[in-house]
Asker: 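Below: one structure in structure tokens.
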Number of protein chains: 2
Amino acid sequence: MSTIRGARERARIEVTAAIKDEARKQLAAEGAAKLSLRAVARELGMVSSALYRYFPSRDDLLTALIVDAYDAVGEVAEAAGAKGDGRPDAGRWTAVACAVREWALAHPHEYALIYGSPVPGYTAPQDTVGPASRVGLVLIGVVRDAHRAEGLAVPALDPGLRPEAARLAADLAPDLPPAVVAALVAAWAQLFGLISFELFGQFNRVVDAREQLFRHAVHEIGRSVGLLEGRAPTGADGPGA
Amino acid sequence: MSTIRGARERARIEVTAAIKDEARKQLAAEGAAKLSLRAVARELGMVSSALYRYFPSRDDLLTALIVDAYDAVGEVAEAAGAKGDGRPDAGRWTAVACAVREWALAHPHEYALIYGSPVPGYTAPQDTVGPASRVGLVLIGVVRDAHRAEGLAVPALDPGLRPEAARLAADLAPDLPPAVVAALVAAWAQLFGLISFELFGQFNRVVDAREQLFRHAVHEIGRSVGLLEGRAPTGADGPGA
DNA sequence: GTCTATAACGAGATAGAC
DNA sequence: GTCTATCTCGTTATAGAC
């Protein structure tokens with residue numbers, strides 16, 4: 001009995017993975033807006049109705065892809081952040097950012113799925129919120145370690161932003177100064193701005209040495225959060241290089 | 001003769017505008033990937049083949065929409081930059097950024113078209129390059145004025161980034177220090193990162209006071225380029241407010 | 001119970017003949 | 001420019017295989 005159930009479950013997992021793999025291929029070829037259950041089924045030699053055993057609707061398949069993508073970047077970021085865990089130097093900040101960038105370059109369509117234009121007619125369910133926050137939590141962790149080691153120069157905060165900063169800190173990191181948390185949220189968006197510009201073609205015919213510009217900018221962004229210099233910003237120890 | 005030609009040209013301009021307006025509606029409803037000449041024609045009570053007299057292909061229509069969108073943000077940015085032209089204070093930098101953000105909030109789908117994920121199967125022709133650079137040129141102009149008025153603290157530059165910075169400066173602003181131009185390019189991407197995160201839903205359930213966070217972050221980004229304080233970052237003089 | 005296959009629906013796009 | 005025949009799509013109901 002248990003072997004049968006085991007076999008069934010294994011088969012189910014395999015088919016589910018095959019469906020998502022094929023869906024990812026279509027994502028790359030046609031974009032998320034044109035992701036079609038029928039085309040996925042056809043390519044897999046199944047019939048479209050069979051897919052409904054695995055995903056109750058097209059949007060649920062899309063949600064699964066989104067969650068997978070968030071989990072993939074999140075994992076990469078966590079791995080980069082875990083190296084030298086507890087060390088408060090700015091190199092860890094840069095390492096996490098570079099890891100995210102490398103993942104994005106390696107998986108441009110999945111990146112576009114989660115950080116690009118929203119898919120028309122699709123609204124993300126609650127399930128995506130947790131996975132979506134993983135990268136941000138890693139960045140908070142790096143800054144928290146710096147704060148604990150007193151390696152953080154708390155940035156200035158406009159009086160007008162004080163209430164929002166307090167709210168953000170309460171929500172995201174009650175142990176950090178509100179000014180740091182506010183700067184962190186902005187830094188988070190700016191970091192992905194650099195990646196998106198590179199990936200979405202805005203740097204075409206403009207920027208050549210993209211990794212170097214990225215590292216430099218990320219280091220400066222780290223400073224805006226309060227991180228102090230731990231080592232040279234253009235060190236030879238990238239995540240993959 | 002000339003009146004007839006004038007009437008014809010006027011009609012042509014009107015129809016072209018109507019086509020683009022309808023296409024923009026579809027952009028909002030279905031996304032750029034699903035933009036279809038046929039649907040546009042149907043909605044306008046025309047037949048699809050008639051559209052080809054105005055746009056040789058779907059991609060050409062898309063290009064026209066993209067150019068229009070770039071020109072629209074560009075115009076808004078130029079207008080905001082022209083107010084107080086020559087004045088080197090950081091308030092102008094913030095004003096331009098806020099103007100761009102307000103345009104983006106008012107035209108989210110056109111913003112997504114130009115700064116969001118690339119449309120699958122579409123590659124932008126050379127025609128888009130000029131309009132696409134207008135916002136960047138405004139930002140360069142603001143920084144240039146500050147530099148001329150000696151209101152610029154040239155930021156530090158990693159030795160590794162020196163060649164790229166020199167190249168960027170030669171291409172974009174030979175009269176500015178390379179370190180400033182490199183920082184400017186990064187700042188440009190970071191600024192749109194903030195707008196994209198807000199527009200694409202990444203700030204949902206996270207950030208409430210978005211304009212305030214934006215103004216604060218933009219002011220900090222201005223500092224990273226070397227702009228000095230000209231006035232309080234949260235002044236009451238927004239672009240529209 | 002778990003899965004796949006057949007067939008069908010209503011809506012929409014598309015190609016080509018006229 | 002119009003009309004029609006033929007595609008696609010998401011989704012459901014149903015029937016049968018393991």
Side-chain angles (χ1 to χ4, degrees), chain A residues 1-68 109 113 117-125 127-128, chain B residues 8 11-12 14-16 18-62 65 109 113 117 119-122:
Chain A
M1 276 293 186
S2 78
T3 64
I4 290 178
R5 182 154 53 192
R8 265 215 261 269
E9 268 178 29
R10 212 164 44 237
R12 190 180 172 79
I13 289 169
E14 263 173 40
V15 176
T16 306
I19 292 170
K20 291 199 285 190
D21 280 347
E22 180 54 38
R24 268 184 281 264
K25 270 190 214 166
Q26 292 204 12
L27 217 62
E30 303 279 4
K34 285 192 180 168
L35 175 65
S36 127
L37 278 188
R38 282 190 116 106
V40 171
R42 194 182 322 125
E43 217 63 27
L44 283 157
M46 301 171 125
V47 88
S48 68
S49 58
L51 286 200
Y52 284 83
R53 289 274 151 191
Y54 300 88
F55 298 96
S57 78
R58 193 204 83 127
D59 281 9
D60 287 280
L61 173 55
L62 208 52
T63 300
L65 296 178
I66 290 172
V67 168
D68 279 5
H109 304 101
L113 179 65
S117 340
V119 183
Y122 171 85
T123 44
D127 318 31
T128 62
Chain B
R8 275 214 195 115
R12 188 178 174 80
E14 264 173 38
V15 175
T16 305
I19 292 170
K20 291 199 284 190
D21 280 347
E22 179 55 38
R24 269 184 279 266
K25 270 190 213 163
Q26 293 206 10
L27 218 63
E30 303 279 4
K34 284 193 181 166
L35 177 64
S36 117
L37 280 186
R38 276 190 119 94
V40 172
R42 190 184 330 122
E43 218 64 24
L44 284 162
M46 303 171 121
V47 92
S48 63
S49 57
L51 281 200
Y52 284 86
R53 290 185 45 84
Y54 298 87
F55 297 96
S57 76
R58 190 204 82 129
D59 281 11
D60 287 281
L61 174 54
L62 208 51
L65 297 178
H109 302 101
L113 179 65
S117 341
V119 183
Y122 171 85

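Since this is a predicted model, take the numbers as computed values, not measurements. To find a chain, count down the sequence lines: A is the first, B the second, and so on, and within it residues start at 1.
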Asker: Any base atoms under 4.0 Å from A:R58, or only sugar-phosphate, or nothing? Heavy atoms, all strands.
Answerer: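 Counting heavy atoms under 4.0 Å across all strands, the contact made by A:R58 is with sugar-phosphate only.
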Asker: Could you tell me whether B:L37 contacts a base, only the sugar-phosphate backbone, or nothing, with contacts defined as non-hydrogen atoms closer than 4.0 Å?
Answerer: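 If one applies the 4.0 Å heavy-atom cut-off, B:L37 turns out to touch nothing in the nucleic acid.
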Asker: In whole Å, what is the span from the CZ atom of A:R8 to the P atom of C:dG1?
Answerer: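 Rounding to the nearest Å, CZ of A:R8 and P of C:dG1 are 12 Å apart.
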Asker: In this structure, how many angstroms lie between the P atom of C:dC3 and the CD atom of A:E9, rounded?
Answerer: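 Between P of C:dC3 and CD of A:E9: 10 Å.
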Asker: I need the NZ-C1' distance between B:K34 and D:dG10, as an integer number of Å.
Answerer: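 Computing the B:K34:NZ to D:dG10:C1' distance gives 10 Å.
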Asker: What is the distance from CZ of A:R12 to P of C:dT4, rounded to the nearest Å?
Answerer: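 Rounding to the nearest Å, CZ of A:R12 and P of C:dT4 are 9 Å apart.
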Asker: Between D:dT8 atom C1' and B:R38 atom CZ, what is the distance in whole Å?
Answerer: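 One finds 14 Å between C1' of D:dT8 and CZ of B:R38, rounded.
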Asker: Would you kindly give the OH-to-P distance between A:Y54 and C:dT2, to the nearest whole Å?
Answerer: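 Rounded to whole Å, this separation is 12 Å.
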Asker: For DNA chain D, which residues in residues 40-53 of chain A have a heavy atom at a distance below 4.0 Å?
Answerer: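 Heavy-atom cutoff 4.0 Å gives A:R42, A:S48, A:S49, A:Y52.
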Asker: Does A:R12 reach the side chain of A:T16, with side-chain heavy atoms less than 4.5 Å apart?
Answerer: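 With C-beta onward as the side chain, the pair touches.
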Asker: Kindly give the heavy-atom pair with the smallest separation between A:K20 and A:L65, and that separation in Å.
Answerer: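 Smallest heavy-atom distance, with atoms named: O-CD2, 3.8 Å.
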Asker: For a quick check of understanding: with a heavy-atom distance under 4.0 Å over all strands, which category does A:F55 fall into, base, sugar-phosphate or nothing?
Answerer: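 It contacts nothing in the nucleic acid.
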Asker: Report the C-alpha separation of A:T63 and A:D60 in whole Å, then their side-chain angles, then the decisive distance to 0.1 Å, and conclude whether the side chain to side chain donor-acceptor pair (under 3.5 Å) test is met.
Answerer: CA-CA 5 Å; A:T63 300; A:D60 287 280; 5.3 Å; no
Asker: Is A:T123 close to A:D59 at the side-chain level, that is, under 4.5 Å between some pair of heavy atoms?
Answerer: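 No - every pair of side-chain heavy atoms lies 4.5 Å or more apart.
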Asker: Is there side-chain contact between A:R24 and A:D68, with at least one heavy-atom pair below 4.5 Å?
Answerer: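 Of all side-chain heavy-atom pairs linking A:D68 with A:R24, at least one is under 4.5 Å.
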Asker: May I ask you to evaluate whether A:S36 reaches the phosphate of D:dT8, defined as a side-chain N or O under 4.0 Å from OP1 or OP2?
Answerer: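 No, no such contact exists.
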Asker: Calculate the interatomic distance between A:L62 atom CG and D:dT11 atom P; express it in whole Å.
Answerer: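 Atom CG in A:L62 sits about 11 Å away from atom P in D:dT11.
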Asker: Between C:dT2 atom C1' and A:E14 atom CD, what is the distance in whole Å?
Answerer: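 Taking CD of A:E14 and C1' of C:dT2, I get 16 Å after rounding.
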Asker: Is there a side-chain contact between A:E30 and B:P120 (heavy atoms, below 4.5 Å)?
Answerer: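 They are not in side-chain contact.
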Asker: Where the side chain of B:S117 meets the backbone of A:S117, is there a donor-acceptor pair that is under 3.5 Å apart?
Answerer: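 A pair under 3.5 Å: yes.
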